[in-house]
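Everything on this sheet refers to the single structure shown next.
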Amino acid sequence: MALAFDEYGRPFIILKEQEQKTRLRGIKAQKANISAEKVIARVLRTSLGPKGMDKMLQSPDGNVTITNDGATILEHMDVDNQITKLMVELSRSQDYEIGDGTTGVVVMAGALLEQAERLLERGIHPIRNAEGYEMASRIAVEHLEHIAQKFDFGPINIELLVQTCMTTLSSKIVNRCKRPLAEISVKAVLSVADLERKDVNLDLIKVEGKVGGKLEDTELVYGITVDKDMSHPQMPKKIEDAKIAILTCPFEPPKPKTKHKVDIDTVEKFQTLCQQEQKYFDDMVQKCNDVGATLVICQWGFDDEANHLLMPRNLPAVRWVGGVELELIAIATGGRIVPRFQELTPEKLGRAGLVREKSFGTTKDKMLYIEHCANSRAVTIFIRGGNKMMIEETKRSIHDALCGQESHSQQFYCLWWWISRDFLLNCCRGRCR
């Protein structure tokens with residue numbers, strides 16, 4: 001490659017051996033695109049099914065991910081070809097709309113394109129191939145509707161749903177615990193589902209994980225778990241019939257927005273300042289007590305002075321709770337998020353049957369369980385595992401179990417593939433005659 005200039009001084013690039021470079025056209029370009037997609041399908045094919053193998057993916061910064069989830073594998077792959085990028089988008093849209101079957105759609109697309117390549121070699125136009133696939137898909141869907149069977153389920157008879165989720169988890173690394181995990185997933189979905197409207201809000205299901213313990217220790221919490229503990233070690237670890245004040249304002253004196261300077265030259269002035277700050281803290285704590293709050297959950301932190309005042313007044317508190325967790329707590333307990341102490345009223349308090357602090361093993365890891373809430377539709381699946389890799393893969397497996405029934409999806413893919421292939425070949429042969 002060389003840089004040259006014309007008579008007007010405008011630069012242009014001269015590519016060496018440019019006359020030897022050719023652009024793929026026609027059947028060659030179609031075969032090149034099909035070959036690129038077949039490579040992606042072959043990579044994912046070995047991770048499909050109960051005997052599928054996991055893939056080990058390493059990011060540029062050195063992080064290692066081990067998974068057999070198709071969407072996760074394609075997300076971590078560095079692809080340049082436009083067709084392979086379309087496959088990534090296909091898997092991503094399947095994960096977004098359905099939640100499961102991300103590997104199957106890519107493998108199926110590769111199989112259909114592989115058969116289409118043979119038809120292209122016979123001289124059949126791509127438009128005819130596409131029409132054949134559309135006709136085959138319509139026949140496959142009609143046949144599926146003809147052989148489909150409906151079953152009734154409810155909060156009590158959940159065995160069929162558990163069997164479906166067990167099929168989903170059979171191809172995952174957590175297959176040794178597929179029965180208890182399937183039951184947890186089904187109970188979580190039924191807890192947040194509106195069976196009359198046939199609607200499920202999966203945002204109400206929080207999936208949390210903590211390293212330690214074993215996979216069998218995974219549990220379903222009918223409430224919210226927060227990776228925090230009480231702000232003071234001597235505060236009660238268990239609160240029954242809790243009335244929770246959810247605050248986004250800190251336990252500290254207001255700070256002026258302008259630059260300021262305080263000159264303290266005597267002991268009396270310093271004592272006056274301390275008394276004023278203590279009075280400010282006393283007013284905030286008294287305000288919480290007046291409305292009947294037995295637990296304070298604050299988005300921001302508070303210093304040791306406020307912590308020292310909360311302890312003798314029997315007002316347990318939790319600090320540095322994230323905004324997303326704060327919203328889930330408000331939904332579960334039926335409370336309102338209060339931005340100012342002046343707006344705190346008894347009607348805005350959340351209610352929970354039990355709030356307890358739980359320690360794990362011999363370590364200092366502690367979590368806060370908010371259970372038996374006023375609005376029990378918000379639940380948490382708390383995952384335990386031996387390492388971080390196991391936790392992350394279990395989260396992806398639980399996500400697939402919550403979102404879709406892979407057993408139904410795989411039967412649909414296989415049936416659609418065989419019907420469409422045979423019908424397509426017969427259709428195209430008939431048209432060629």
Is the shortest heavy-atom distance from the side chain of Ile173 to the side chain of Thr67 under 4.5 Å?
-> no
Salt bridge check: are Glu325 and Lys228 linked by an N-O gap of less than 4.0 Å?
-> no
Looking at side-chain heavy atoms only, is the closest gap between Lys269 and Thr266 below 4.5 Å?
-> yes
Residues Lys279, Asp283: salt bridge by 4.0 Å N-O rule = yes
Hey, are the side chains of Glu114 and Glu37 touching, using non-hydrogen atoms and a 4.5 Å cut-off?
-> no
Hey, are Asp290 and Gln286 close enough side-chain-wise for a donor-acceptor pair under 3.5 Å?
-> yes
Student check: side-chain heavy atoms of Ile127 and Glu131 closer than 4.5 Å = yes
Is it the case that more than 12 heavy atoms not belonging to Lys85 sit under 6.0 Å from its NZ atom?
-> yes
So do Lys395 and Ile381 actually touch side chain to side chain, heavy atoms under 4.5 Å?
-> no
Non-hydrogen side-chain atoms of Ser185 and Ile398 separated by less than 4.5 Å | yes
Would you mind checking if Lys210 and Asp227 are paired as a salt bridge, meaning a charged N to carboxylate O distance below 4.0 Å?
-> yes
More than 12 heavy atoms from other groups under 6.0 Å of CZ on Arg336 | no
Salt-bridge present (Arg384, Glu208; N to O < 4.0 Å) | no
Expected output: side-chain Lys214 to main-chain Gly386 donor-acceptor under 3.5 Å = no
Is there a donor in the side chain of Lys172 and an acceptor in the side chain of Thr394, or the other way round, less than 3.5 Å apart?
-> no
Expected output: side-chain Thr218 to main-chain Ile383 donor-acceptor under 3.5 Å | no
Salt bridge between Glu183 and Arg179, side-chain N to carboxylate O under 4.0 Å?
-> yes
Is there a donor-acceptor contact under 3.5 Å from the side chain of Glu216 to the main chain of Cys177?
-> no
Whether over 12 other heavy atoms sit under 6.0 Å from Lys243 NZ = no
Would you check, one step at a time, whether the test salt bridge (Lys or Arg N to Asp or Glu O under 4.0 Å) holds for Asp282 with Arg313?
-> CA-CA 10 Å; Asp282 285 334; Arg313 288 165 175 77; 2.9 Å; yes
Side-chain donor/acceptor of Thr72 to backbone N/O of Asn68, under 3.5 Å = no
Donor-acceptor pair between Gln163 and Glu159 side chains, under 3.5 angstrom = yes
Answer whether the closest heavy-atom distance between the side chains of Met56 and Thr65 falls below 4.5 Å.
-> no
Does the side chain of Ser47 come within less than 4.5 Å of Met53's, by heavy atoms?
-> no
Under-4.0 Å salt bridge between Arg356 and Glu371 | yes
Between Glu75 and Arg92, is the closest basic N to carboxylate O distance under 4.0 Å?
-> yes
Is a donor on one side and an acceptor on the other found under 3.5 Å between the side chain of Lys348 and the backbone of Glu343?
-> yes
Lys358 and Glu219 ion-paired at < 4.0 Å | yes
